[in-house]
Each structure stands twice: as C-alpha cells, then as structure tokens.
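Worksheet for the structure shown next.
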Amino acid sequence: MSLEVINLNLIKKNIIQSSLSFGHTPPEILVVTKGQNQERIRPILDSGHRLFGENRINSAKEKWESLRKAYPDINLHLIGPLQTNKVKEALNVFDVIETIDREKLVQAILRLFPSAKRSVRFRIQVNTGEEPQKSGIEPKKLVTLIEFCRKHGLLIEGLMCIPPANEDPAPHFALLKKLANRHKFKHISMGMSQDYHVAAMLGATEVRIGSAIFSD
Ligand SMILES: *Cc1c(COP(=O)(O)O)cnc(C)c1O
C-alpha cells in the first residue's frame, strides 16, 4: 500500500474515535492535493477515495481534467479564494465551491450559473478570526450575505473556515458550528492536518487534509 493511502487510513481511524467520543458522525476527509502531482494522487483514487480539494484554479484544472476522465465520479472542491474573472473556469473545474464570501462573487456566479454545464454546489467561507488579510465574510456580516444568496437564488449548503495561524482553533470551530446550526446548514468544513481531531470533536462534517497525507 502506498504511503499516502496508509496515512489516509490512519487519519480516518483517528477521526472516527475523536468524533464518536463526542457524539458526532465522523467527518468526511477532503484530501487536499495542492502542489501534488498525479502520481501521488492516483494511489488514493485507486483506493476508492473520491473527495479532493485544491486552492488554485489553474493548477487544479491541468491536473484534474485528465484525472476526471479516468475517474468520472470524483468530487473536487475549491477551497481557495475565487476572483470574479475566474468564476467561469471555476464552475467548469469544481463540483463544490467552498469560498463564497461577497455579494459581487454571488452575482458573477449567477450570471453564468444557468449556462454552466455541470451543477455546482456552494458554501460560504467565514473569516472567524476577522483577519483583514484573509478572505471570508466576517461573522457579523454573514446573515446579510446569506439573505442575499437566498433572495437571488444561490443555494448555500454549508460553511467553511480557516482559523488564524497561531491561535487555539477550538473557539473558531465552535463558532462556525454554531453559525451553521443557526442557519441549518448541512456541511461544516473545518480542520486541517494540525487540528483535524479538534474539528472532529467539535462537529466538523468535512476536514481538509494535505500535508499529513502527503508528507513522508
Ligand atoms: C492547504 C489547505 C489545507 C490543507 O492544509 P494541511 O495543513 O496541508 O493539511 C486545508 N484548507 C485550505 C483552505 C488549504 O489551503
């Protein structure tokens, strides 16, 4: 078995323990493949895993267009910021866009969405740490953005966050969970290689993991 698959299986085991001991359904694992080539991704696909994430459109497009031909049922998520001039490409490359964070972006998507070939699903990124340099909507502005999406017909299915780098992630995960519950969102995308167990204990439905799977 390849190292990537061994790592993934170990993480799955850890996650099941963390989430079940806190009464949650174990989250799905989004395997983050940014910076990884097809040779390192294939063993994971061959093991049956189908859920993947990338943070840049250009590199994802090259890598995943051919992989999608071989594995048509992959589920590819955009987890990095999205510029309005890249919306068309994003709608063609990704199955889920997790980083909706402003009205302009919603409008750009709605202009193209009726003609987009595949059906894409959407989540809102919340800037739980209110960091000025980071994308994501501030928690206090979330309601307005959700209402904007509802009014204009963009269905939002979940929330995602990236907590500040040098802080305890737990309060951020707890806040995201609370916001998701309040708005009855099904999907809560939080937790990465360093803190996925914390996210699993706090009710993540999806953890996004890269380096813990691909590091040797
Ligand atoms: C890179 C990235 C991840 C994965 O980070 P690791 O620490 O490598 O697990 C998760 N989410 C986002 C948004 C990322 O850009």
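On a predicted model such as this, the values are computed, not experimentally measured, just so you know. Remember, it's 1-based here, ligands and their atoms both numbered in the order they're listed.
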| message | For F113 together with F122, are the ring centres under 6.0 Å from each other? | response | yes
Should you measure from each heavy atom of [X], which atoms of ligand 1 turn up under 4.0 Å away?
X    : answer
I162 : 13 (C)
I209 : 9 (O)
S211 : 6 (P), 7 (O), 8 (O), 9 (O)

| said: Strictly below 4.0 Å, N to O, side chains only: are D101 and K134 in salt-bridge contact? | reply: no
| query | Considering only protein heavy atoms, which is closest to atom 9 (O) of ligand 1, and at what distance to one decimal place? | reply |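 Answer, as residue, atom name and distance: S193 OG, 2.4 Å.
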| So which heavy atom in the protein is nearest atom 13 (C) of ligand 1, and how far is it from that ligand atom? |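 Looking only at protein heavy atoms, the one closest to atom 13 (C) of ligand 1 is I79 O, 3.3 Å.
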| query | Within the structure, does R208 bring an N/O atom to less than 3.5 angstrom of an N/O atom in ligand 1? | reply | yes
| query | Under a 4.5 Å cut-off applied to non-hydrogen side-chain atoms, are L159 and L142 in contact? | reply | yes
| Options H77, K34, M192, R56, ranked by nearest heavy atom to atom 1 (C) of ligand 1, top entry | K34
| message | Go through it in stages, so that I can follow the logic: the residues are Q38 and S66, the test is side-chain hydrogen bond (donor to acceptor under 3.5 Å, both in side chains), and I'd like the CA-CA distance, side-chain angles, deciding distance and then a yes or no. | response | CA-CA 9 Å; Q38 294 190 349; S66 54; 2.7 Å; yes
| R208 side, atom CZ; N55 side, atom CG - distance, nearest 0.5 Å |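 Between atom CZ of R208 and atom CG of N55 there are 10.5 Å.
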| CD1 on I79 to CD on E54, rounded to 0.5 Å |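 CD1 of I79 is found 8.0 Å from CD of E54.
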